[in-house]
Amino acid sequence: MTSPKTTHPAWATALRQARMEAGWDVHRLAVEMVRAAGPEATATTQSLARRIREWEAGRSTIRERYRLLLARVLPLDPKTLADRPMGGTEADRVRSITKGLIALDELTGGADLLPVAVRNARTCHRAVLATRNKDMASAAAEASQVAGWLAFDAEELPLARRLTNASVQLSRAGGDHFAKLFALSQLAMLDAHERRPDQARPVCEHVLAQDLSPRVRGLFELRLARAQGQEGTPGRAVETLNRARARLGEGNRERDPAWTWWITDAELSWHEAMIHADNGDWTTAVDLFELALGGRPPGYQRGALHDAAHLVHAQSRVRAWPDVEQVLRTRVVPTVGRVRSKRAHALLLRTDAEVGAGSGPLALRELLAQATA
């Protein structure tokens with residue numbers, strides 16, 4: 001059974017048409033919006049590109065400040081863009097819940113969101129088994145992938161694998177090729193986290209043999225680079241990552257799925273730092289973790305805490321105690337009360353144990369105790 005084709009709302013069609021008539025792709029429109037906002041810009045080009053794709057698909061409304069901004073760069077009346085999003089089907093409602101979980105994860109971390117995400121994913125899966133509806137299968141694939149990500153952030157790794165594997169199967173049932181690719185990239189991410197390069201590399205090589213959009217190819221090259229680094233070939237890994245960086249630097253294209261928004265310069269710096277950390281080059285890793293942390297947008301609190309935890313761990317490995325103390329005071333301790341990421345917490349606990357075993361300064365150990373309380 002296939003779902004009927006959904007008609008895009010008039011305001012979404014108007015936005016896409018105005019952009020196409022201007023001769024711009026989604027990335028170019030995002031760039032122009034950031035320029036028009038000037039010092040008042042609060043969103044990055046990457047996050048705006050993601051929003052634009054959601055608007056043009058009719059899956060989310062456009063807030064007034066963005067309607068006014070769009071009207072400054074395109075020949076559109078802001079009132080034309082004010083309407084309700086589509087979302088009358090059950091699959092659309094599932095996608096709305098999933099989007100909300102993604103937004104909350106960026107702000108608060110995944111630890112407290114996991115039970116809701118798992119219920120959402122399992123309810124969707126049962127609906128797919130009952131109806132064989134392709135649109136619901138696609139929505140369920142996304143719900144399972146996001147739940148798998150949150151399980152990963154909550155250090156529930158077996159659950160993360162089960163949910164991500166379910167996402168692969170559901171995306172196939174829904175004929176959603178992009179959702180399948182996203183789930184496969186998440187499996188490779190889990191492999192890297194558990195240091196299983198022999199499992200990550202075949203997944204990446206299988207996908208890279210296909211016809212891919214530039215950003216998707218860059219994503220899997222990034223995952224492949226992590227596997228190569230863990231196989232003891234950091235030079236080869238950095239070469240692969242640099243290819244990904246060059247490809248991703250070309251900007252967004254029409255073929256790029258919306259979920260590739262998160263692959264930023266900061267993310268690439270973090271992965272390069274991990275390649276060096278995996279091979280014991282902590283001095284280089286420190287510089288790159290600093291670069292990653294400095295490149296995170298203000299609203300990306302969970303990612304910034306994760307970067308800061310890795311930076312503290314790397315700095316402690318080179319016994320840069322004053323630097324560790326500064327990052328703990330300014331970036332970790334003030335954040336841990338607002339953001340709950342068990343991945344970050346586990347790494348801070350590990351750092352605390354290593355600093356204690358290495359007779360680190362007492363003041364530093366007290367700060368780590370606050371960070372891990």
Side-chain angles (χ1 to χ4, degrees), residues 27 30-31 33-34 37 39-51 99 101-113 146 149-150 152-154 185-186 189 192-193 215 218-219 222-223 225-226 241 244-245 248-249 251-252 258-277 284-316 320 323-348 351 371:
H27 179 73
V31 168
M33 290 176 69
V34 170
E40 297 178 359
T42 57
T44 64
T45 301
Q46 289 85 358
S47 65
L48 267 179
R50 180 180 55 148
R51 289 174 191 259
K99 280 182 57 184
L101 289 168
I102 293 170
L104 285 170
D105 168 54
E106 293 174 12
L107 289 172
T108 67
D112 297 325
L113 303 174
V146 169
W149 160 261
L150 294 173
F152 166 64
D153 193 51
S185 78
Q186 188 158 289
M189 176 198 72
H193 184 70
R215 290 186 70 79
L219 167 59
L222 182 155
R223 300 290 189 219
R226 289 296 309 282
L241 187 136
R245 180 178 278 112
L248 295 165
N252 292 289
W259 46 258
T260 58
W261 68 271
W262 62 269
I263 315 171
T264 62
D265 288 339
E267 193 70 30
L268 289 164
S269 295
W270 184 86
H271 280 278
E272 187 173 356
M274 288 300 295
I275 290 170
H276 292 287
T284 303
V286 165
D287 293 339
L288 288 162
F289 282 134
E290 286 180 339
L291 199 59
L293 178 58
R296 297 295 183 186
Y300 198 36
Q301 296 184 40
R302 190 258 306 144
L305 174 60
H306 189 237
D307 289 346
H310 274 278
L311 177 56
V312 162
H313 182 237
Q315 288 170 331
S316 72
D323 294 336
V324 177
E325 183 174 343
Q326 181 184 14
V327 176
L328 283 169
R329 286 189 186 281
T330 61
R331 303 304 296 264
V332 176
V333 172
T335 306
V336 290
R338 302 193 306 269
V339 180
R340 278 179 33 85
S341 166
K342 287 191 177 178
R343 269 191 311 148
H345 186 253
L347 184 57
L348 289 167
T351 306

Query - Euclidean distance, Lys342 NZ relative to Leu150 CG, rounded to 0.5 Å - result: 12.5 Å
Report summary line: Smallest heavy-atom separation, Val34 atom then Thr44 atom, equals CG2-C, 4.4 Å
Query raised in the report: Roughly how far, to the nearest 0.5 Å, is the CD1 atom of Ile275 from the CG atom of Leu241?
Result: 5.0 Å
Report summary line: Smallest heavy-atom separation, Ala309 atom then Ala344 atom, equals CB-O, 4.1 Å
Query raised in the report: Can you tell me how far CD of Gln46 sits from CG of Asp265, rounded to the nearest 0.5 angstrom?
Result: 7.0 Å
Requested in this report: Of all the heavy-atom pairs spanning Ala371 and Val332, show the shortest one and how long it is.
Outcome: CB-CG1, 3.8 Å
Report summary line: With sequence neighbours left out, the residues meeting side chain to side chain contact (heavy atoms under 4.5 Å, CB included) with Leu222 are Ile263, Leu268, His271
Query raised in the report: Do Leu305 and Gln301 touch side chain to side chain, with heavy atoms closer than 4.5 Å?
Result: no
Query raised in the report: Got a second to check how far Arg340's CZ is from Asp153's CG, nearest 0.5 Å?
Result: 10.5 Å
Report summary line: Between Ala273 and Leu288 the two heavy atoms that sit nearest each other are CB-CB, 3.5 Å
**Report entry** Residue from Leu291, Thr264, Leu293, Asp307 passing side-chain contact (heavy atoms from CB on, under 4.5 Å) with Ser269
**Finding:** Leu291
Report task. Mind listing the closest non-hydrogen atom pair of Val312 and Val324 along with its distance? Result -> CG1-CG1, 3.8 Å
**Report entry** From CG (Leu104) to NZ (Lys99), nearest 0.5 Å
**Finding:** 12.5 Å
Query raised in the report: Side-chain contact, heavy-atom cut-off 4.5 Å: Ile102 with Arg50?
Result: yes
Query - Stepwise salt bridge (Lys or Arg N to Asp or Glu O under 4.0 Å) check, Glu272 with Arg226 - result: CA-CA 8 Å; Glu272 187 173 356; Arg226 289 296 309 282; over 6 Å; no
**Report entry** Contacts of Arg331 that satisfy side-chain hydrogen bond (donor to acceptor under 3.5 Å, both in side chains) - sequence neighbours left out
**Finding:** none
Query - For His313, all residues meeting side chain to side chain contact (heavy atoms under 4.5 Å, CB included), sequence neighbours excluded - result: Trp282, Ser316, Arg317, Leu347, Arg350, Thr351, Glu354
Requested in this report: Work out which heavy atom in Ala30 is nearest to a heavy atom in Ala49; give both atom names and the distance.
Outcome: CB-N, 3.8 Å
Query raised in the report: Mind checking whether His276 and Phe289 have side chains closer than 4.5 Å, heavy atoms only?
Result: no
Query raised in the report: When rounded to the nearest 0.5 angstrom, what distance separates CD in Glu290 from CG in Asp287?
Result: 6.0 Å
Query raised in the report: Would you say His27 and Val31 make side-chain contact, with heavy atoms under 4.5 Å?
Result: yes
Query raised in the report: Any side-chain heavy-atom pair from His306 and Arg296 closer than 4.5 angstrom?
Result: no
